Protein chains: 2
Amino acid sequence: MHATQDETEPPSAPSAALRPGLRERKKQRTRDALIRSALELFAERGYEGTTVDEIACAADVSQRTFFRYFAGKEDVALAVQQMVETHFFEAVCERPAAESPLTALRTAVMSSWDTIEEAIASVVPLELHLRTYQMIQTTPQLIAAHLRRTAELEDRLTEVIARREGLPPEDPRPRILVAAFSGVMRETGKRWGLLMEQDMEEFRRQTAAYLDQIGPALAENWRS
Amino acid sequence: MHATQDETEPPSAPSAALRPGLRERKKQRTRDALIRSALELFAERGYEGTTVDEIACAADVSQRTFFRYFAGKEDVALAVQQMVETHFFEAVCERPAAESPLTALRTAVMSSWDTIEEAIASVVPLELHLRTYQMIQTTPQLIAAHLRRTAELEDRLTEVIARREGLPPEDPRPRILVAAFSGVMRETGKRWGLLMEQDMEEFRRQTAAYLDQIGPALAENWRS
DNA sequence: GAGCGTAGTGTCAGTCGCTGACAAGTGACC
DNA sequence: GGTCACTTGTCAGCGACTGACACTACGCTC
């Protein structure tokens, strides 16, 4: 309902602001304002220490309007994270069928990281998103909500991979692979958020190293 | 705070009801009554269609007392499931160190299933628990809460396995294995709950078959 | 450019989950 | 039997969320 930006495109509009219609632009600005206000307040006073009233007030709308844009307080906290995950999912869908499933997943993460930052920055400053990410991993209610969304993403990934490989839906292997992959991503994400590592290169290396362990993890006899 | 049943034991009490003291028994009965009332109401009107007031009223206590026993409405819905998972975790801890990690997990599930039913039945009828399990998997709020608890269980399992194998906490392999295992359990659990399979034997076979796929899932080249 | 329909917004009132504070009842222990 | 600590109920209140209704303003047509 919100944020649908696919319309008939007038060829090369002179003023770049005329594309989506005045009303649509206003809605988009309201939505962005709500996200920005929310994340700033969360960073300042914490998630539970911030009321929806305060968020709405900071974005100059009524509380009622807030709930027309977001289904709940959780929603706005996870809005940017949602963007990131959608972006990753699309990257997976675009991987060539020749790649093995694990390679496809791995390459998709890496390539989605190359391009996601500007998309984030168009809504909120990157540093604010990093603080939000930490908050998500330390606030019980947000951990739960985020895990639920992640589980849904896993379902979709499982389906995509099963289709790629031409497997019937009952085959458990795609699900297992996705679960293992997801476990790695959760773990590395935890480290990234908590250690506040700004060094993206180092983080990529670590993630890659972890992903390399997926194969060996299932070989019995770990004791070297 | 609640349900601590470790106290100095008077040697062989004549009436088996005298062990934990009158007050403790009363608390336990209140707690069980709350769980039973809650699950019955949930089964009847759904989770969101039931208010805490109604649960408290059905158990003949005040709403305030309900919240002294359970941190929230979610808590009472997941109370029995919590028992099951604790039981499983303890079973894992007791597996001999000679078993490979995956074997230990697999054997622990199977053996915990052998003994959990009576523990459940002492609180609520088994059939009611099954309906609750279905409800958990279809109610967004409960899915989220349950996933959070499961994630905590995964953390503890990861730690136990790392210790068993004498691995340092940074080694990602225990986490990956647990994630894959957990993915299988979530999937089979989903089928069990939704298909309402009463046939426990069939369900065990299916779970075992899924677990057998964990190894192959990580071997590349699935296409037979 | 006036007018109309509709989409977006604010206000209001209400429900429900949840909590702190205080007062009253009740098992436990000497 | 009396004191003490633990449980409980009542009350008052906050915050998340929702339905209903009236109002404003965009967008489209004539």
Side-chain angles (χ1 to χ4, degrees), chain A residues 1-4 7-8 10 17-34 37-38 41-42 45-78 139-142 144-145, chain B residues 1-4 7-8 10 13 17-34 37-38 41-42 45-79 139-142 144-145:
Chain A
M1 199 164 286
H2 334 104
T4 55
E7 304 208 344
T8 52
L18 286 184
R19 204 78 48 77
L22 203 157
R23 209 174 227 165
E24 282 307 314
R25 272 181 295 146
K26 216 171 176 181
K27 273 201 330 189
Q28 192 59 46
R29 262 190 292 126
T30 304
R31 191 181 146 87
D32 288 354
L34 280 169
S37 305
L41 285 169
F42 290 158
R45 315 180 193 178
Y47 178 74
E48 279 142 353
T50 306
T51 70
V52 172
D53 272 309
E54 291 167 339
I55 298 169
C57 181
D60 264 312
V61 293
S62 73
Q63 193 216 43
R64 194 65 185 83
T65 293
F66 173 92
F67 284 110
R68 286 197 250 261
Y69 280 88
F70 300 97
K73 210 170 94 170
E74 295 169 359
D75 250 49
V76 69
L78 297 173
T139 308
Q141 196 183 145
L142 293 180
Chain B
M1 200 163 286
H2 334 106
T4 54
E7 303 208 344
T8 53
L18 287 184
R19 203 78 47 79
L22 203 158
R23 207 175 230 164
E24 283 307 314
R25 271 181 295 146
K26 216 170 176 181
K27 274 202 329 192
Q28 193 59 46
R29 262 190 292 126
T30 304
R31 191 182 147 85
D32 288 354
L34 280 170
S37 305
L41 285 168
F42 289 158
R45 315 180 192 178
Y47 178 74
E48 280 142 354
T50 307
T51 70
V52 173
D53 271 309
E54 291 167 339
I55 298 169
C57 182
D60 265 311
V61 294
S62 71
Q63 191 216 43
R64 194 65 184 83
T65 293
F66 173 92
F67 285 110
R68 290 195 176 98
Y69 281 87
F70 299 97
K73 208 171 97 171
E74 295 170 358
D75 251 49
V76 69
L78 297 173
T139 309
Q141 196 184 145
L142 293 179

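Because the structure is predicted, anything quoted here is derived from the model rather than measured. Heavy atoms only: backbone and side chains are in, while hydrogens, waters and symmetry mates are out. Proteins come first, then strands; the chains are lettered A, B, ... in the order of their sequence lines, and each starts at number 1.
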What's the NZ-C1' distance between A/K27 and D/dT24, to the nearest Å?
16 Å
For the side chain of B/T65, starting at C-beta, report the closest nucleotide among C/dG17, D/dT8, C/dG8.
D/dT8
Answer with base, sugar-phosphate or nothing: what part of the nucleic acid does B/T51 contact at a heavy-atom distance below 4.0 Å?
sugar-phosphate
Distance check needed: D/dC11 P versus B/D53 CG, whole Å only.
13 Å
B/E48 CD to D/dA16 P, in whole Å, measures 18 Å
Could you pull out the closest heavy-atom pair between B/G72 and B/F67, with the gap in Å?
CA-CE2, 4.1 Å
Could you check whether any side-chain heavy atom of B/F66 comes within less than 4.5 Å of a side-chain heavy atom of B/D53, counting everything from C-beta outward?
no
Of A/F67 and B/F66, whose nearest nucleotide on DNA chain D comes first from the 5' end?
B/F66
Under the 3.5 angstrom rule, does the side chain of A/Y47 hit a backbone N or O of A/E74 as a donor-acceptor pair?
yes
From the set D/dC17, D/dT7, C/dG8, return the single nucleotide nearest to any side-chain atom of A/K73.
D/dC17
B/E54 side chain vs B/T51 backbone, donor-acceptor pair below 3.5 Å
yes
Taking CZ from B/R45 and P from C/dT15, how many angstroms apart are they, rounded to a whole number?
17 Å
Measure from CZ on B/R23 to C1' on D/dT8 and round the result to the nearest Å.
11 Å
Kindly say if B/Y69 contacts the phosphate of D/dT7, meaning a side-chain N or O under 4.0 Å from OP1 or OP2.
no
How many Å lie between CZ on B/F70 and P on C/dG17, as a whole number?
15 Å
On the side chain of A/R64, is there an atom forming a donor-acceptor pair with the base of D/dG19 - under 3.5 Å, no angle test?
yes
Can you check whether A/Y69 reaches A/V76 side chain to side chain, under 4.5 Å on heavy atoms?
no
Measure from the side chain of A/R68, starting at C-beta and using heavy atoms only, and say which of D/dA16, C/dT9, C/dC18 lies closest.
C/dT9
If you assign A/S62 and B/K26 each to the DNA chain C nucleotide with the nearest heavy atom, which residue ends up on the more 5' nucleotide?
A/S62
Can you tell me how far C1' of D/dG13 sits from CD of B/Q63, to the nearest Å?
13 Å
To the nearest Å, how far apart are B/R29 CZ and D/dT8 C1'?
15 Å
